[in-house]
Number of protein chains: 2
Amino acid sequence: MNKSVGIKDVAAAAGVSVTTVSHVLNDVVYARVGAETRERVHEAARRLGYGPNRLAQALRTQRSGMIGFISEEIATTPHAGRIILGAEETARARGYRIMIINSTSTSSQDSRENDVADLLDRQVDGILYATMYHRKLVVPKNLVGLPAVLVDSEDISHTVSSVIPDEIAGARSAVQTLIDAGHTRIGMLNNTDDVPATHSRLKAFKDTLADAGLPYHEELVQSEASEVPGGHQAALRLLKTPSRPTAVFCYNDRMAMGAYRAAGELGLRIPDDISIVGFDNQQLIAENIYPALTTVALPHYEMGAWATENLIDAIEGKTDLQLFAAHPTLLPCPLVLRDSVASPKHQDASSRAAPGSPTHANT
Amino acid sequence: MNKSVGIKDVAAAAGVSVTTVSHVLNDVVYARVGAETRERVHEAARRLGYGPNRLAQALRTQRSGMIGFISEEIATTPHAGRIILGAEETARARGYRIMIINSTSTSSQDSRENDVADLLDRQVDGILYATMYHRKLVVPKNLVGLPAVLVDSEDISHTVSSVIPDEIAGARSAVQTLIDAGHTRIGMLNNTDDVPATHSRLKAFKDTLADAGLPYHEELVQSEASEVPGGHQAALRLLKTPSRPTAVFCYNDRMAMGAYRAAGELGLRIPDDISIVGFDNQQLIAENIYPALTTVALPHYEMGAWATENLIDAIEGKTDLQLFAAHPTLLPCPLVLRDSVASPKHQDASSRAAPGSPTHANT
DNA sequence: GGACGTGGGAGACCAATGAACAAGTCGGTT
DNA sequence: AACCGACTTGTTCATTGGTCTCCCACGTCC
């Protein structure tokens, strides 16, 4: 096409050397250039529509202004988009761009190392490594020593810094909002996978109950696969216990969706007969089921932003990421209030709605 | 850190010149290098873990191997992830990488041009421009003439090639599946926005009815905002008409979700009393509502892949994108069969389920 | 006439590619 | 015996688009 304009075109147009053009356009402090020459250069650059070739620049300065972003399963979860967005926006604000590589949670350690090497060949200044849910992983070994931050996961050996959601605090606030509404018999629908969230959310559940002086019974926690059918099954078991809880804290929004169905089948209205809170704030679900679900948001955007901000600080020598490596940084999980929580009806806990009685369907 | 190895390190290790290393590593056809030397070079490169500096390479060859991806609202729709994934995977398979820039549908024409210029400064070989839903747009003027493909939108002036979903065929197959199940009174819940999909899906609805010799009545189409509440309202109107349809084609899955709620409230079971088909195949909804929703999938992954494949072909001179510019390329929208469609019960159409009768909740 | 200040340029360098050229070998020719 | 290609095997050098470290020319001042 139209041969793109280079610095030498600007130099010729302004009648100066390329060195001078570089000096004025980069505002080099030690450069001594007359005001009039300066103006000529700027004018010529503007007129020709000059933009520096970032590759040539990168080659010389050893700084590409590019950040590699390795993400597992970019597409399987809407959350990934939020992380990318957080990373992209803060990177851009600081003059960096994001180069994306998609990986899978099942890919071999070798292939992970290749992804890193690949990015390194392209001279990225740093690497963001994101997983699709919070977990502990062994990082590719060529990642250590580099400016790098893990997003939504922890390095099992604690050599790479990382940022994760504060599950405990988030789960506590979810349970607390139930307690604050006056509930004293609260159940939980938990996940069966051995991931950090399963344990932290359960621990937060127990601790919050204990702090409030509320009793905890084994049968109040029912576990199943963390999908809608699992939530449905677990909720059915939970809601059929002799002393039915008046509120349920769900491992995630999908299980909560299953709980909605179970409640509907048992003729229980939400939130009148039973309050429900979820986790994850998957908008498509939480906003759209009826009544809208009160849940805990995962700070995906914020994690992407935090990781990028600190990665760039490290790249620019303003921070030492090693300082963060020992412990993951925790970001708050804010409670999102919607319509699925209410005060329990003050009547004898044994008075149950007759199954099959007229009721609104919960969608 | 460890000074990364360059071609000259390999050259030194193998006892040859850098040119020779370049020649053997790139398998340059006209290079005459002895087999033994070749082996020495390969061995040295392997031993040192050499990988070429892609930036230097790009500078010299005027080909960066990078594709710019401008996406509107990366995070607002899960669909964007599928497009990115399709683009990333096919790009990677061909040795290219994706550089992402997030834009917004509200950003000014100037800012769009800046995004393109930005990518150009970084020497991308081509540009993918994706929107979050199918629409017509005026492209940044510095995009024309470049290797570029629009994903999920059309250039209003038809100068840039693009790929979009085949809405018509997709909608037809949705309606047809209802007809094939034996339905003769079919309603539609449509969107109120003036976007291409609103018109194509309606047209496909009417045409398919006509082709099957089925009558079309105005009151069979109810329009509202294309979200759950809109679907709920529109479905309520539609299902309360004197001659209630036995099947409903919904503009999208969110409206279908609203229809589920309306059906539940009216004591209508899906699919026994009413069959429903959606559009979009938003997995979080379609797979999780009860019963699972039969719907039409939008080929996001495929559009990303097609666009990238053809963009790279154009970059490599194997294709002329101008050939595609006049008409957008249509990709099929496959029907995804789940559980929300059944044959209508063969009884008098006036026998209605009594509202409020015992029923499963539809979640 | 040396020191100093001002305005600007030459040329190396970053890590590669690629066109042109050079050195060594060998068989054949005159 | 000397020379002449032809072939093999590598190397030299310019180039890509910038940045950056000197360096130089010219005035001026004391």
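Naming: A, B, ... by sequence-line order, numbering from 1 per chain.
For a distance-only test at 3.5 Å, the side chain of B/Thr19 qualifies as a donor-acceptor partner of the base of D/dT12.
Note: CG (A/Asp27) to C1' (D/dC20) measures 16 Å, nearest angstrom. For the pair B/Leu59 CG and D/dG17 P, the computed distance is 7 Å after rounding to whole Å. One can place CG of A/Asn26 at 13 Å from P of D/dT21, the figure rounded to the nearest angstrom. Rounded to whole Å, atom P of C/dA15 lies 14 Å from atom CD of B/Gln57. Protein atom CZ of B/Arg63 is 12 Å distant from nucleotide atom P of C/dG18, rounded to whole Å. The OH atom of A/Tyr30 sits 16 Å away from the C1' atom of C/dT6 (whole-angstrom rounding). Atom CZ of B/Arg54 and atom C1' of C/dA16 are 12 Å apart (whole Å). Spacing between atom CD of B/Glu36 and atom C1' of D/dT8 amounts to 14 Å, rounded to whole angstrom units.
Of the two residues near DNA chain D, B/Thr20 and B/Ala56, the one whose nearest nucleotide lies more 5' is B/Thr20. Two residues, B/Thr61 and B/Arg38, neighbour DNA chain D, and the one matched to the more 5' nucleotide by heavy-atom proximity is B/Arg38.
Note on B/Tyr50: only backbone sugar-phosphate atoms sit closer than 4.0 angstrom, heavy atoms only; bases stay farther off. Counting non-hydrogen atoms under 4.0 angstrom, B/Ile7 reaches the backbone sugars and phosphates but no base. In this structure, B/Val28 reaches neither bases nor backbone, as no heavy-atom distance under 4.0 Å exists between it and the strands shown.
In this structure, A/Arg135 pairs ionically with A/Glu72, as a charged nitrogen and a carboxylate oxygen lie closer than 4.0 Å. Between B/Arg82 and B/Glu89 there is no salt bridge, since none of the side-chain N atoms of the basic residue sits less than 4.0 Å from a carboxylate O of the acidic one.
Contact annotation: A/Asn53 does not reach the phosphate of D/dT16 (side-chain N/O to OP1 or OP2, under 4.0 Å). For C/dA15, one of the phosphate oxygens OP1 or OP2 lies less than 4.0 angstrom from a side-chain nitrogen or oxygen of A/Gln62. Proximity of A/Ser22 to the phosphate of D/dC20: no side-chain N or O atom is located under 4.0 Å from OP1 or OP2.
Contact of the B/Thr37 side chain with the B/Arg40 side chain is registered, since non-hydrogen atoms from C-beta on lie closer than 4.5 Å. Between B/Thr90 and B/Arg94, the closest side-chain pair of non-hydrogen atoms is not below 4.5 Å. Side-chain contact between B/Val116 and B/Ile70 is present, with at least one heavy-atom pair separated by less than 4.5 Å.
Listed nucleotides D/dT11, D/dG10, C/dG9 differ in distance to B/Thr37; the shortest reach to its side chain belongs to D/dG10. Relative to the side chain of A/Lys8, the nucleotides D/dT16, D/dT11, D/dG18 differ in distance, and D/dT16 lies closest. The nucleotide whose nearest atom lies closest to any side-chain atom of A/Arg60 is, among C/dG9, C/dC14, D/dG10, C/dC14.
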